[in-house]
Amino acid sequence: MTKTFYVTTPIYYVNAEPHIGHAYTTINADFLARWHRLDGYDTFFLTGTDEHGEKIAQAAARAGKAPQQFVDEVSAKFKNAWEILHISYDDFIRTTEPRHKKVVQRYLQEIYDRGDIYYGEYEGLYCVGCERFLTEKELVDGKCPDHGVEPERRHEGNYFFKMEKYRAWLRDHINKNPDFIRPERYRNEVLSILSEPIGDLSISRPKSRVSWGIELPWDPDHVTYVWFDALLNYISALGYPDGERYKKYWPAAQHMIGKDILKTHAVFWPTMLKAGEVEVYKHLNVGGHLLAEGRKMSKSLGNVIDPFEWSEKYGPDAVRYYLLKETPYGLDGVVSEEGLIERYNADLANDLGNLLQRVRTMVLKYSGGVLRRREPGETESAVVREAAALPGRIRGHVQALKFNQALEAVLAFVRSLNRYINERAPWKIQDPEDRERVLYTAVEGLRLASVLLEPAMPVKMAELRTTLGFETLTVADVEGWGGTPDGHRIPADAAILFPKIEQARTSGDAGKLKAEPEATAPVAYEDFAKLDLRVAEVKSVEKHPNADRLLVIKLDVGGEERTVVGGLAEHYRPEELVGRRVVLLANLKPRKLRGVVSHGMLLAAEGADGTLALLEPGREVEPGSKIS
RNA sequence: GGCGGUGUAGCUCAGCUGGUUAGAGCACACGACUCAUAAUCGUGGAGUCGGCGGUUCAAGUCCGCCCACCGCCA
């Protein structure tokens with residue numbers, strides 16, 4: 001019986017276009033899928049798009065499009081993105097497809113019939129502008145932070161899923177199955193969530209308010225909400241409950257997600273499965289985020305990395321390889337274009353590409369392109385032993401989700417092939433038979449590497465094999481030494497596999513300049529005018545209850561009271577601030593800092609040693625005065 | 001505040017259940033070689049393995065406390 005493997009990415013919400021976060025998770029999943037296929041597993045790889053909900057309806061309206069048209073377009077962009085990156089998905093599920101809706105309704109009905117869904121009144125603070133309920137925490141001074149309006153108290157009828165009922169079971173399951181959620185750090189996080197009541201889950205919205213969704217089968221006035229719809233894609237795509245695919249693949253299910261949606265996949269989803277009496281998935285694999293220059297990527301910082309742009313410049317395989325090799329799965333990884341180029345040049349151009357090139361040249365030059373199979377000698381047997389051990393090591397690393405180490409192991413082998421060639425120096429060998437032995441060994445090694453690197457670089461490794469006259473291969477084809485037949489011919493011409501990327505070579509001085517503060521790009525006056533800068537008087541200051549560095553500062557801004565949280569604790573004592581008139585950026589979007597809402601920020605200058613100095617007007621000015 | 005993660009050569013990282021003089025890649029210096037994409041190969045230097053204390057014949061590796069950064073929760 002063949003082994004089966006089922007891996008999924010999240011289905012991506014179509015309110016945003018494909019970005020590096022989507023790409024990273026998907027590349028990781030694709031690597032797993034391709035590896036398992038090569039390693040003889042009957043593999044199914046699913047991705048797709050999540051297309052219902054209020055936000056989508058709003059985004060469609062803003063774009064002046066019907067929801068269906070809008071989601072069709074964005075969904076197509078995801079498909080296109082995956083084509084660019086050579087993602088080998090077997091199916092692409094969309095939550096607006098009939099096959100999905102059918103399963104969602106059926107599943108809801110089953111759980112409803114079992115009594116795990118009940119109707120409840122929900123009372124909350126509703127913001128008309130946002131068209132949604134806000135939590136107390138979101139409010140700033142009792143008002144909606146986005147609309148500045150006090151929300152009204154409203155009742156709404158929702159259906160709830162009895163999630164809390166399954167909490168004990170889930171804790172138990174996670175405790176009994178240490179590799180259910182991995183890496184371990186996320187498992188611990190989930191256990192800590194489950195150590196306290198998780199409550200029941202609201203799973204519907206009245207149709208009067210949100211219409212873009214799947215109707216509850218027993219109450220057409222409501223649609224199901226977000227996660228209950230989305231999560232079921234993992235089984236709807238397989239044809240739950242009777243589909244062949246479902247029976248075959250679901251028992252081997254592994255989900256790949258980013259850490260931002262841990263709770264939904266580690267808590268909501270298993271309890272939903274349990275309630276539906278469906279066997280829970282095998283593994284939830286949680287990936288970290290990618291950081292640029294060690295920081296979060298954000299539009300405002302302008303450090304957002306576009307993998308599709310990289311792909312255009314350096315090729316999809318280079319991007320895939322770089323992301324997989326340079327980031328430890330499960331932790332946040334630091335990536336940059338310089339890093340990509342460095343990795344590419346060192347590993348792919350110098351080590352692997354050049355190895356291929358030198359071997360090819362020698363086979364053509366010394367043996368007329370024909371390989372003779374010669375038995376390994378003493379030096380060769382060391383290479384053979386290393387080669388024999390390699391697939392097993394890779395298998396182990398992949399199973400442990402250490403993709404970076406899997407790739408490093410293959411590269412170490414590539415380096416040892418380079419070393420081997422230098423040692424044997426075929427260009428010096430007089431005996432033709434011995435020379436053939438060396439060349440055969442090198443080609444055989446490259447053939448092995450091409451298979452083991454294929455999950456990361458499907459296109460380039462296929463090219464590499466073509467260059468050496470090989471067809472498609474699997475891990476089984478390279479596990480034993482000597483698979484290349486005697487008399488094998490390699491084609492005479494081939495392009496360089498990994499042309500070196502020439503860096504805009506920076507001289508020593510230019511390198512230094514980079515470390516200097518960057519010249520700020522000029523801004524238009526209109527941009528400056530968007531800032532509402534005001535003079536504010538400090539009324540009171542307290543230490544932040546949950547952070548040593550932060551102060552909670554209450555300000556008078558011309559009659560209006562404001563609370564601002566600032567990282568000033570190391571620079572000012574609370575009492576020395578009271579009464580000062582300082583400069584406030586008043587229209588900064590409110591933000592919660594360690595539990596306290598901060599609305600605005602105080603301007604300060606930073607000295608060379610890092611000390612901060614608050615800006616103050618040079619002469620008496622009333623609080624609230626505008627600064628321009 | 002609670003829980004968890006991370007902290008190892010200039011940089012990026014490996015170090016499993018504790019065991020000989022702590023490793024790799026990049027970068028740097030020198031050397032070898034010339035089949036090769038100015039490539040490859042060798043040699044070299046540097047690290048109080050975040051800090052302090054403890055357990056042990058023996059600790060990056062276990063325990064406690066502390067520091068820095070990050071995440072989750074409250």
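Throughout, protein chains are lettered first and strands after them, A, B, ... in sequence-line order, and every chain is numbered starting at 1.
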Collect all protein-nucleotide pairs involving nucleotides 43-45 of chain B in which both atoms are nitrogen or oxygen and the distance is under 3.5 Å.
none

So, [X] versus [Y]: side-chain donor-acceptor pair below 3.5 Å or not?
X	Y	answer
A:Ser416	A:Glu386	yes
A:Tyr420	A:Glu380	yes
A:Thr25	A:Tyr12	no

Problem - Anti/syn call for B:rG60, syn if |chi| within 90° - result: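 B:rG60: syn.
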Exercise for the section: Give one of base, sugar-phosphate or nothing for A:Asp351, where a contact means two heavy atoms less than 4.0 Å apart. Expected result: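 If one applies the 4.0 Å heavy-atom cut-off, A:Asp351 turns out to touch the sugar-phosphate alone, with no base involved.
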Exercise for the section: Assign A:Arg343 to base, sugar-phosphate, or nothing according to its heavy-atom contacts below 4.0 angstrom with the strands shown. Expected result: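 Sugar-phosphate contact only - A:Arg343 comes under 4.0 Å of backbone atoms but never of a base.
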Practice task
Give the ring-plane orientation class for A:Phe228 versus A:Phe161, where under 30° counts as parallel, over 60° as perpendicular and anything between as tilted.
Solution key: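 The arrangement is perpendicular - the two ring planes meet at more than 60°.
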Handout entry: Ring geometry between A:Tyr281 and A:Phe180 (parallel below 30°, tilted from 30 to 60°, perpendicular above 60°)
Key =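 Plane angle under 30°, so parallel.
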Handout entry: Most 5' of A:Asn422 and A:Lys365 on RNA chain B, judged by nearest nucleotide
Key =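 Result: A:Lys365.
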Handout entry: Whichever of A:Ala346 and A:Lys259 has its nearest RNA chain B nucleotide further upstream toward 5'
Key =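 The answer here is A:Ala346.
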Side chain of [X] - closest among [options]:
X	options	result
A:Phe498	B:rU37, B:rC26, B:rG42	B:rU37
A:Arg415	B:rA24, B:rC35, B:rU37	B:rA24
A:Glu408	B:rU34, B:rU40, B:rA24	B:rA24
A:Thr361	B:rU37, B:rC35, B:rG4	B:rC35
A:Asn350	B:rU37, B:rG71, B:rU40	B:rU40

Sticking with atom [atom1], work out how far [N] lies from [M], rounded to a whole angstrom.
N	M	atom1	answer
B:rG23	B:rU8	C1'	10 Å
B:rC30	B:rU37	P	25 Å
B:rG50	B:rA59	P	15 Å
B:rC49	B:rG7	P	14 Å
B:rU55	B:rG60	P	15 Å
B:rC66	B:rG2	P	9 Å

Problem - Watson-Crick and G-U pairing of RNA chain B, under 3.5 Å, as dot-bracket with | and [ ] - result: (((((((..((((.....[...)))).(((((.......))))).....(((((..]....)))))))))))).
Handout entry: A:Asn404, A:Val319, A:Asn28 screened by side-chain contact (heavy atoms from CB on, under 4.5 Å) with A:Leu324, the one that passes
Key =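 Going through A:Asn404, A:Val319, A:Asn28 one by one, the side-chain contact (heavy atoms from CB on, under 4.5 Å) with A:Leu324 is satisfied by A:Asn28 alone.
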Problem - Main-chain N/O of A:Thr26 paired to A:Asp30 side chain as donor or acceptor, under 3.5 Å - result: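 No; judged by distance alone, with no hydrogens or angles, the pair does not exist.
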Protein-nucleotides 10-14 of chain B N/O pairs closer than 3.5 Å?
{"residue": "B:rA14", "atom": "O3'", "partner": "A:Gln405", "partner atom": "NE2", "Å": "3.2"}

Practice task
Kindly say whether, by distance alone, the side chain of A:Asn354 makes a donor-acceptor pair under 3.5 Å with the base of B:rU40?
Solution key: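 Under the 3.5 Å cut-off, the side chain and the base do not form any donor-acceptor pair.
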